[in-house]
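Given the structure is predicted, the values throughout are model-derived calculations rather than measurements.
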Amino acid sequence: MKHKLQVTGMTCAACSARVEKVTAALDGVTSAQVNLLAGTMQAEFDEKKVNAQQIIAAITEAGYGAAVVVEGKPVRRNEAQEIALKSMKRRIISSVCLLLPLMYVSMGGMMGLPLPGFMDNDPLVMVFVQIALTLPVLIINRSYFIHGFRNLWKRSPNMDSLIAVGSGAAFVYGLIAAGFILKGTLTGEMGLVHQYAHDLYFESAAMILTLITLGKFLETRAKGKTGEAVAKLLDLAPKMAVVERDGEEVEIPAEDVQVGDTVLLRPGSRVPVDGEIIFGTCSIDQSALTGESIPVEKAAGASLT
């Protein structure tokens, strides 16, 4: 039994490999192939041992979403992509609005820029201001930490895991440095305060998340345009095919053509399925696939796409 599933939440090759791995690990599954660009997976399995719902449950347990694609119903990702793009756009705008003042507070003094009076020569206040500006960025982009650490815990790290570890390490190190600054302020050890005042990396934690989200936004938008182009290309294929069965010509849906069927092509018609010419000659317009502007002559034995 073969089933096509729509899988959501995949962002990189590690994600698609993870989905294939958890699916193939199920008893009864003979093959699982993921198309990352289309967000789909073709699974072949023995229905006596496993069913589609168990496969969906395994994929969901791995941290992704899945649903069976209804036969004959095209997979449409435009709506999901638009929602994802709007969400990332809001996250980018919010993160940048917080990152800019954070960068000014953390780096402005090094460039000779004036700081607000309540922060000038008061490292402890500067620490709290930086934490107050960094925490919202981490909360806005918390999905990296949720998915990243969950995959890391399951020993299947992906790009989100790398982002979570990098940003999290910068924030935790900044908190440790903030602790020493607080200790130095309370005990009057100004040397300790000045030592760790330059070891705050809160802006790095926020910068990593903001830039990665911007990159994912551009990537998702580009993938959406590519998917639309592929969908338009597939729409060029004819929906019906004329086949010869029992000496008669029968018009059937192109997806119902079986291996071994004889398909009849009339002058000017498009090729409904891949195949090989049994008899006759023709000129085929292959511009949609190869870019050739002139129709290509085909004879018996030639392959058609």
Side-chain angles (χ1 to χ4, degrees), residues 1-8 10-13 15-17 19-20 23-24 30-45 67-82 85 218-305:
M1 172 65 69
K2 283 186 178 181
H3 266 308
K4 187 176 184 179
L5 290 85
Q6 184 171 8
V7 183
T8 57
M10 297 187 298
T11 58
C12 61
C15 295
S16 60
V19 172
E20 289 180 350
T23 304
T30 55
S31 70
Q33 296 180 332
V34 172
N35 186 326
L36 180 60
L37 179 62
T40 59
M41 180 183 72
Q42 291 280 3
E44 188 173 349
F45 54 91
V68 176
V69 177
V70 180
E71 189 67 28
K73 183 179 180 181
V75 178
R76 299 296 181 190
R77 302 185 66 207
N78 292 345
E79 185 176 347
Q81 285 177 343
E82 284 300 321
L85 283 172
L218 297 175
E219 178 189 16
T220 302
R221 190 172 63 175
K223 285 170 64 177
K225 291 181 179 179
T226 303
E228 289 176 6
V230 172
K232 289 178 181 178
L233 182 62
L234 292 175
D235 286 340
L236 294 176
K239 302 298 183 290
M240 305 297 290
V242 178
V243 299
E244 186 180 278
R245 290 181 177 173
D246 300 326
E248 296 183 0
E249 295 183 10
V250 183
E251 188 176 27
I252 62 174
E255 59 266 20
D256 291 341
V257 177
Q258 303 294 321
V259 176
D261 279 342
T262 299
V263 181
L264 305 179
L265 290 182
R266 295 187 174 89
S269 62
R270 291 178 293 173
V271 182
V273 293
D274 295 349
E276 181 180 309
I277 297 179
I278 301 175
F279 58 87
T281 60
C282 60
S283 297
I284 299 295
D285 180 6
Q286 299 184 147
S287 59
L289 294 175
T290 65
E292 296 172 281
S293 59
I294 300 176
V296 179
E297 295 292 331
K298 299 283 187 177
S303 60
L304 295 180
T305 303

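Val263 is listed as a side-chain neighbour of Pro272, based on a closest heavy-atom distance under 4.5 Å. Using a 4.5 Å heavy-atom cutoff, the side chains of Asp261 and Val273 are not in contact. Contact check for Met240 versus Pro253: side-chain heavy atoms found under the 4.5 Å cut-off.
Under a 3.5 Å cut-off, the side chain of Ser16 and the backbone N or O of Ala13 do form a donor-acceptor pair.
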Decide yes or no on side-chain contact (heavy atoms from CB on, under 4.5 Å) for Leu265 and Leu304, but give the supporting numbers first. CA-CA 11 Å; Leu265 290 182; Leu304 295 180; 3.8 Å; yes

Working note: Ile284 + Val271, criterion side-chain contact (heavy atoms from CB on, under 4.5 Å); need CA distance, chi angles, decisive distance, verdict. CA-CA 8 Å; Ile284 299 295; Val271 182; 4.1 Å; yes

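Contact record, Ile252 with Arg245: CD1-NH2, 3.7 Å, taken as the closest heavy-atom pair. In terms of heavy atoms, Val34 sits closest to Glu20 at N-OE2, 2.8 Å. Nearest heavy-atom pair across Met10 and Asn35 is CE-O, 4.4 Å. Between Ala32 and Thr23 the shortest heavy-atom distance is CB-CG2, 3.8 Å. Shown here for Val257 and Ala241, the closest heavy-atom pair between the two residues is CG2-CB, 3.9 Å.
Side-chain contact of Gln6 with Thr40: a donor-acceptor pair under 3.5 Å is absent, judged by distance alone.
Around the CD atom of Glu276, the shell of radius 6.0 Å holds more than 12 heavy atoms that belong to other residues, nucleotides or ligands.
The CG atom of Leu264 sits 11.0 Å away from the CD atom of Glu251 when rounded to the nearest 0.5 Å. Atom SG of residue Cys282 and atom CZ of residue Arg266 lie 14.0 Å apart, to the nearest 0.5 angstrom. Rounding to the nearest 0.5 angstrom, the gap separating the CE atom in Met41 from the NZ atom in Lys4 is 12.0 Å.
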